[in-house]
Amino acid sequence: MSACEANFDGLVGPTHNYAGLSVGNIASASHRDQPSSPRDAALQGLAKMRRLMALGLVQGVLAPQERPDMATLRQLGFHGSDAQVLSRAAREAPRLLAACCSASSMWAANAATVSPSADCADGRVHFTPANLVSKLHRSLEPDTTARILRATFADERQFAHHRPLPASEVLGDEGAANHNRLCRDHAEPGVELFVYGRVATDTSAPAPRRFPARQTREACEALIRKHRLDPARVLLVQQNPAVIDQGVFHNDVIAVANRNLLFCHEAAFLEQRALADTLQQRLDGAFRMIEVPSEQVSVDAAVNSYLFNSQLLTLPNGSTLLLVPGECEREPSVWHYLQSLLSDANGIDQLEVADLRQSMANGGGPACLRLRVVLTPAQQRAVNQHTLLTPQLASQLDAWIRRHYRDRLCQADLADPQLLEESRTALDELTGLLALGSIYPFQR
Ligand code: SUG
């Protein structure tokens with residue numbers, strides 16, 4: 001039986017802005033309070049989706065969330081009309097307002113952990129939305145994410161949906177950004193690689209000192225149990241705490257895997273040699289690794305360019321493409337490295353560059369924007385077909401973005417009641433385009 005890996009990208013929402021909300025994410029901190037362009041951000045994301053579709057890959061769309069998050073603002077005690085809630089929040093607690101306005105659900109790699117049916121005891125694809133407890137603005141996402149995933153992957157014979165892990169720092173879970181799967185073929189059982197940043201219940205274990213480790217080992221273990229994965233086929237490894245302190249807040253900022261190939265920095269994992277040996281055994285000698293040495297690309301250069309946040313894609317003709325963000329061209333050591341990579345016969349055949357400047361300025365590269373879902377042909381047919389990108393849907397989304405999104409947004413605009421109205425009008429129309437039903441609180 002064949003299976004393909006589909007990419008579901010988070011559509012950028014109408015409130016995309018730079019609030020500097022993510023401690024430990026260097027791009028987010030350094031762009032704080034700069035004006036953003038929600039329209040450019042959404043069009044850049046859509047251009048990437050269109051490119052993958054044109055390459056012959058299955059590309060899906062995940063809807064953004066309702067922002068400003070009025071329900072949370074009211075839960076925080078702001079009351080009155082929507083306009084009063086917004087203006088009170090802007091006056092009394094502007095950082096809470098910013099958290100309630102983030103378009104952060106666009107980084108779909110953090111939406112959920114997904115295990116393909118070939119790995120799961122019941123033969124279904126398993127989804128657990130991430131609880132994202134490490135950051136307030138992101139902790140507001142899981143409920144709506146769960147509804148979006150259910151509306152996209154609705155058929156219970158093919159798809160199993162779990163509740164997010166309890167919202168505690170002990171169980172901090174950031175979804176697929178810390179999860180990779182190695183296999184020889186997508187249809188066969190693979191080795192799921194869960195990467196954690198700290199052990200919450202053992203304070204003597206290695207941990208970063210400067211920046212938070214968002215994913216815990218306890219969360220990974222719970223996901224392995226929930227998805228009914230075969231313990232003999234999973235690997236749990238710790239990310240190198242030193243690189244978290246250098247700005248690698250998710251493992252996908254320093255490593256990416258596709259099929260039997262792991263592309264990573266030499267400083268990515270705590271026990272990297274042992275990991276490579278184990279993967280070699282589990283993949284019966286078929287495992288390949290491209291490990292980039294610090295002397296060619298420093299961790300700082302990797303963080304600035306997001307080299308490893310690339311999409312590593314197998315094209316229909318079997319060749320492998322690395323889709324890197326434009327920042328790689330502007331980081332000389334990285335660009336030089338990429339040229340040498342292409343001239344070696346090492347498993348990567350082609351390189352493409354995507355302009356994702358708007359998302360990158362918040363620390364979200366090509367791989368952050370997508371959730372990978374391995375699908376058999378029957379599962380692909382069971383997906384909500386309206387969420388799969390076609391040339392027609394791409395044109396509709398293009399027109400929808402141009403009709404509803406602002407060209408420029410500053411922090412002061414977040415309290416504008418008109419922005420809330422525009423956002424709701426846009427999302428209401430989108431649920432029709434993607435046939436999602438009433439997934440947003442304002443529609444209920
Ligand atoms: O969680 N940035 C996101 C970026 C997520 C990137 N995802 C992956 N690596 N998979 C985060 O830090 C910034 C929002 C702001 O500052 O306005 C933000 O949330």
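These numbers come from a predicted model, not from an experiment. Both backbone and side-chain heavy atoms feed into the values below; hydrogens, waters and symmetry mates do not. All ligand and atom numbering here is 1-based and tracks the order in the structure.
- Note: Glu352 CD to Leu322 CG = 10.0 Å, rounded to the nearest 0.5 Å.
- Ring centers of Phe127 and Phe153: under 6.0 Å apart, within the cut-off.
- Around ligand 1 you find Asn17, Tyr18, Ala19, Gly20, Leu21, Ser22, Asn25, Ser28, Trp107, Ala109, Asn110, His137, Arg138, Ala177, Arg214, Phe249, His250, Asp252, Asn362, Gly363, Cys368, each with a heavy-atom distance below 4.0 Å.
- A salt bridge links Glu422 with Arg406; the closest basic N to acidic carboxylate O contact falls under 4.0 Å.
- Between the side chain of Ser305 and the backbone N or O of Glu327, no donor-acceptor pair lies under 3.5 Å.
- Ion pairing of Arg138 with Glu174 is absent here, as no side-chain N (NZ or NE/NH1/NH2) approaches a carboxylate O to less than 4.0 Å.
- Each of Arg228, Arg181, Arg233 was compared with Asp119 under the salt bridge (Lys or Arg N to Asp or Glu O under 4.0 Å) criterion, and only Arg181 meets it.
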